Colleague: 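Sharing a structure below in structure tokens format, with a few things to ask.
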Amino acid sequence: MENERKKRVLSMYQCTGTFTLGNYLGAIRNHVRLQDDYECVYALADLHAITVRQDPAELRKNTLASYAYLLAMGIDLEKTILFIQSHVPEHSQLAWVLNCYTQFGELSRMTQFKDKSQQHADNINAGLFTYPCLMAADILLYQADFVPVGADQKQHVELARDVAERFNGLYSPTFTVPEPMIPKHGARVMSLQDPTKKMSKSDENMNGTILMSDDPDAIMRKFKRAKTDSDSVVRYAEGKEGINNLMEIYSCVTGKTMEEIEREFEGKGYGEFKPAVAEAVIDELRPVQAEFARLMNDKAYLEQCFAENAPKAQYLAWKTLQKVMKKIGYILLK
Ligand code: ATP
Ligand code: LTN
């Protein structure tokens, strides 16, 4: 086992500078755990970011903050490569190649494209349309075995598989065909205001969303106002989506099972349960927030991390790109 090569995991994050409790519990905390068993490569998708208009100063600030958050949440640079996508030009280079091996019809079926082109009807640019080719390049450059993502990204990972298989079939095995890794439990943290919708940083009602940057008062207030049902028994059951969501959050944070939680709050109403969930979340976020603040005060250290991680990623990406170019018939410089 010791000598076996660890399987490689790759994931990327939007660089919006904020993360929600949903991102943390549903995705990043799991990605942190994966670092022990897999060789992990993680990155901030700043090339993808410009498919919607960005203010330059904001983009710069948000990318820095996103990097600091990922470190604060537990990405460990001793084990993992964490880089910024635009620092590794191979992403753009392979994306161009993959554009030529992906059909218009395949891209037209992507539900994220359909959603985003409705949201940004005034800017349906070509980059938004070919976004999945860039994402396929992100994954295939690193010969990733697994791609941990939310259910919303599964269709894109499937496209990356199809393109990899097509290229491998036309030439010879070049790319590892990646598998999506979709979490089962705690995978979807729902909005505190509408438990049928996922908790999202782009929700117009921020009372439903806990941000990693929320202070204890804001967290307490949002949990106290959380939408629940009228029966006031802390029990995991159908029709109690609001309470189920709070129980899921409490379980994720404390490690308690649903039965243990039901027992702990037996005979107690929501008036006691909601602040208890809030307290548990406040305790969970406190060290992350402290570490984030520390890192944001040490920009020199963050810049050093960018500078050290980019070449590590680029070395892996360059090897794959060379293989691809040779197979296509490009003349490589000696
Ligand atoms: P938005 O919140 O604006 O819809 P996003 O949070 O999905 O965007 P990312 O920053 O790329 O965008 O998300 C990082 C990861 O967090 C993705 O794998 C995504 O599936 C996951 N994720 C996002 N929201 C939730 C949620 N409410 N519960 C669980 N996982 C989530
Ligand atoms: N599209 C993803 C972010 C993303 C990604 C990737 C995820 C870009 N490239 C490669 C996994 C692998 C999103 O919107 N969350």
Side-chain angles (χ1 to χ4, degrees), residues 8-32 34 40-52 62-63 65-67 69-70 73 75 83-86 88 91-92 94-95 98 110-113 115-116 119 127-128 130-142 144-161 163-164 178-206 208-212 245 248-249 252 313 317:
R8 188 172 292 152
V9 157
L10 177 127
S11 199
M12 295 205 184
Y13 311 92
Q14 298 186 43
C15 39
T16 49
T18 50
F19 289 96
T20 67
L21 185 65
N23 296 141
Y24 179 56
L25 296 180
I28 295 150
R29 221 175 54 159
N30 296 327
H31 302 180
V32 166
L34 292 172
C40 296
V41 179
Y42 297 140
L44 289 171
D46 65 341
L47 295 177
H48 287 85
I50 63 164
T51 52
V52 298
N62 290 339
T63 306
S66 300
Y67 198 100
Y69 262 123
L70 288 167
M73 289 189 271
I75 301 301
F83 70 100
I84 297 175
Q85 189 184 26
S86 64
V88 180
H91 289 254
S92 311
L94 184 62
L98 299 184
M110 295 291 122
T111 55
Q112 184 172 300
F113 171 69
D115 293 349
K116 290 231 167 160
Q119 281 166 25
L128 194 63
T130 62
Y131 180 115
C133 296
L134 178 58
M135 179 159 161
D138 298 339
I139 298 167
L140 301 181
L141 275 176
Y142 298 92
D145 298 288
F146 297 107
V147 185
V149 281
D152 57 323
Q153 295 298 316
K154 188 164 173 243
Q155 199 184 26
H156 290 158
V157 180
E158 263 150 21
L159 181 80
R161 287 174 61 87
V163 174
E179 301 262 358
M181 208 183 216
I182 315 273
K184 291 165 233 95
H185 210 58
R188 261 168 90 78
V189 178
M190 309 310 277
S191 159
L192 301 184
Q193 287 297 312
D194 178 357
T196 61
K197 272 193 341 201
K198 80 162 194 172
M199 182 181 283
S200 164
K201 56 194 152 219
S202 39
D203 201 326
E204 71 271 3
N205 183 357
M206 287 309 277
T209 302
I210 304 286
L211 294 175
M212 295 304 289
N245 187 37
E248 293 266 9
I249 293 172
C252 260

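In this chain, numbering begins with 1 at the start of the sequence shown. In listed order, ligands and their atoms are each counted from 1. Computation of the quantities below employed the complete heavy-atom set of this structure, encompassing side-chain atoms and omitting hydrogens, waters and symmetry-equivalent molecules. Treat the numbers as computed from the prediction; the structure is a model and nothing was measured.
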Colleague: Polar contacts were defined as any N/O atom of the residue lying under 3.5 Å from an N/O atom of the ligand; does this apply to F19 and ligand 1?
Modeller: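 It does not: no N or O of F19 is found under 3.5 Å from an N or O of ligand 1.
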Colleague: Charged N to carboxylate O under 4.0 angstrom, D203 versus K197?
Modeller: yes
Colleague: Below 6.0 angstrom between ring centroids: does that apply to H91 and Y142?
Modeller: yes
Colleague: Check this for me - ligand 1, G150, N or O atoms closer than 3.5 angstrom, yes or no?
Modeller: yes
Colleague: If you count the atoms of ligand 1 from 1 in the order shown, which ones are under 4.0 Å from a heavy atom of S202?
Modeller: 1 (P), 3 (O)
Colleague: If I take atom CD1 from residue I28 and atom CE from residue M73, how far apart are they, to the nearest 0.5 angstrom?
Modeller: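 Separation between the atoms: 4.0 Å.
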Colleague: Which atoms form the tightest heavy-atom contact between S200 and T209, and what is the distance?
Modeller: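 Minimum heavy-atom separation between S200 and T209: O-OG1, 2.8 Å.
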Colleague: N/O to N/O below 3.5 Å, does that happen between V189 and ligand 1?
Modeller: yes
Colleague: Purely on distance, is any nitrogen or oxygen of Y13 under 3.5 Å from one on ligand 2?
Modeller: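 No, Y13 has no N/O under 3.5 Å of an N/O on ligand 2.
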Colleague: Within the structure, does N23 bring an N/O atom to less than 3.5 angstrom of an N/O atom in ligand 1?
Modeller: yes
Colleague: M199 heavy atoms, cut-off 4.0 Å: which ligand 1 atoms fall inside?
Modeller: 24 (N), 26 (C), 27 (N)
Colleague: Which of the numbered atoms in ligand 2 are under 4.0 angstrom from any heavy atom belonging to V147?
Modeller: 11 (C), 12 (C)
Colleague: Determine whether the aromatic ring centres of Y13 and H48 lie less than 6.0 Å apart.
Modeller: no
Colleague: Which pair of heavy atoms, one from G150 and one from I182, lies closest together, and at what distance?
Modeller: O-CD1, 4.1 Å
Colleague: Among all protein heavy atoms, pick the one closest to atom 1 (N) of ligand 2 and tell me residue, atom and distance.
Modeller: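 Heavy-atom neighbour on the protein nearest atom 1 (N) of ligand 2: Y131 OH, 2.7 Å.
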Colleague: Tell me which part of L134 gets within contact of ligand 2: side chain, backbone, both or neither, using heavy atoms under 4.0 Å.
Modeller: neither
Colleague: What I want to know is whether D138 and ligand 2 share at least one N or O pair that is separated by under 3.5 angstrom.
Modeller: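 Among all N and O atoms of D138, at least one is under 3.5 Å from an N or O of ligand 2.
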Colleague: List ligand 1 atoms under 4.0 Å from R188, heavy atoms only on the residue side.
Modeller: 28 (N), 29 (C)
Colleague: Hey, which atoms in ligand 2 end up nearer than 4.0 Å to a heavy atom of V149?
Modeller: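 Those atoms are 7 (C), 11 (C).
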Colleague: Just go through K197, Q153, H48, K198 and tell me whose heavy atom is the nearest to atom 4 (O) of ligand 1.
Modeller: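 Considering heavy atoms of K197, Q153, H48, K198, the nearest to atom 4 (O) of ligand 1 sits in K198.
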Colleague: Give the intermediate values and the outcome of side chain to side chain donor-acceptor pair (under 3.5 Å) for residues Q85 and D138.
Modeller: CA-CA 8 Å; Q85 189 184 26; D138 298 339; 2.9 Å; yes
Colleague: Closest by any non-hydrogen atom to atom 5 (C) of ligand 2: pick that one out of H156, M12, Q14.
Modeller: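 Selected option, by shortest heavy-atom distance: M12.
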Colleague: So for ligand 2, is S11 a polar contact partner (N or O within less than 3.5 Å, distance only)?
Modeller: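 Checking ligand 2 against S11, no N or O pair falls under 3.5 Å apart.
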Colleague: What is the distance from atom NZ of K201 to atom CD1 of I210, rounded to the nearest 0.5 Å?
Modeller: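 Result: 14.5 Å between the selected atoms.
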Colleague: Under 4.0 Å from a heavy atom of L10: give me the atoms of ligand 2 that qualify, with their elements.
Modeller: 10 (C), 12 (C)
Colleague: Return the minimal non-hydrogen interatomic distance between C252 and R29, and the atom names on each side.
Modeller: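 Taking every non-hydrogen atom into account, O-NH2, 2.8 Å.
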Colleague: Nearest 0.5 angstrom please: K154 NZ to R161 CZ, how far?
Modeller: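 These two atoms lie 10.0 Å from each other.
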Colleague: Looking only at heavy atoms, which two atoms of C15 and A49 are closest? And how far apart?
Modeller: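 For C15 and A49, the tightest heavy-atom pair comes out as SG-CB, 4.2 Å.
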Colleague: Considering only heavy atoms, does D152 approach ligand 1 within less than 4.0 Å through its side chain, its backbone, both, or neither?
Modeller: side chain
Colleague: How long is the straight-line distance from OG of S86 back to CG of L47, given to the nearest 0.5 Å?
Modeller: 5.5 Å
Colleague: Just going by heavy-atom distances, which of G22, S191, G26 is nearest to atom 31 (C) of ligand 1?
Modeller: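 Nearest option to atom 31 (C) of ligand 1, by heavy atoms: G22.
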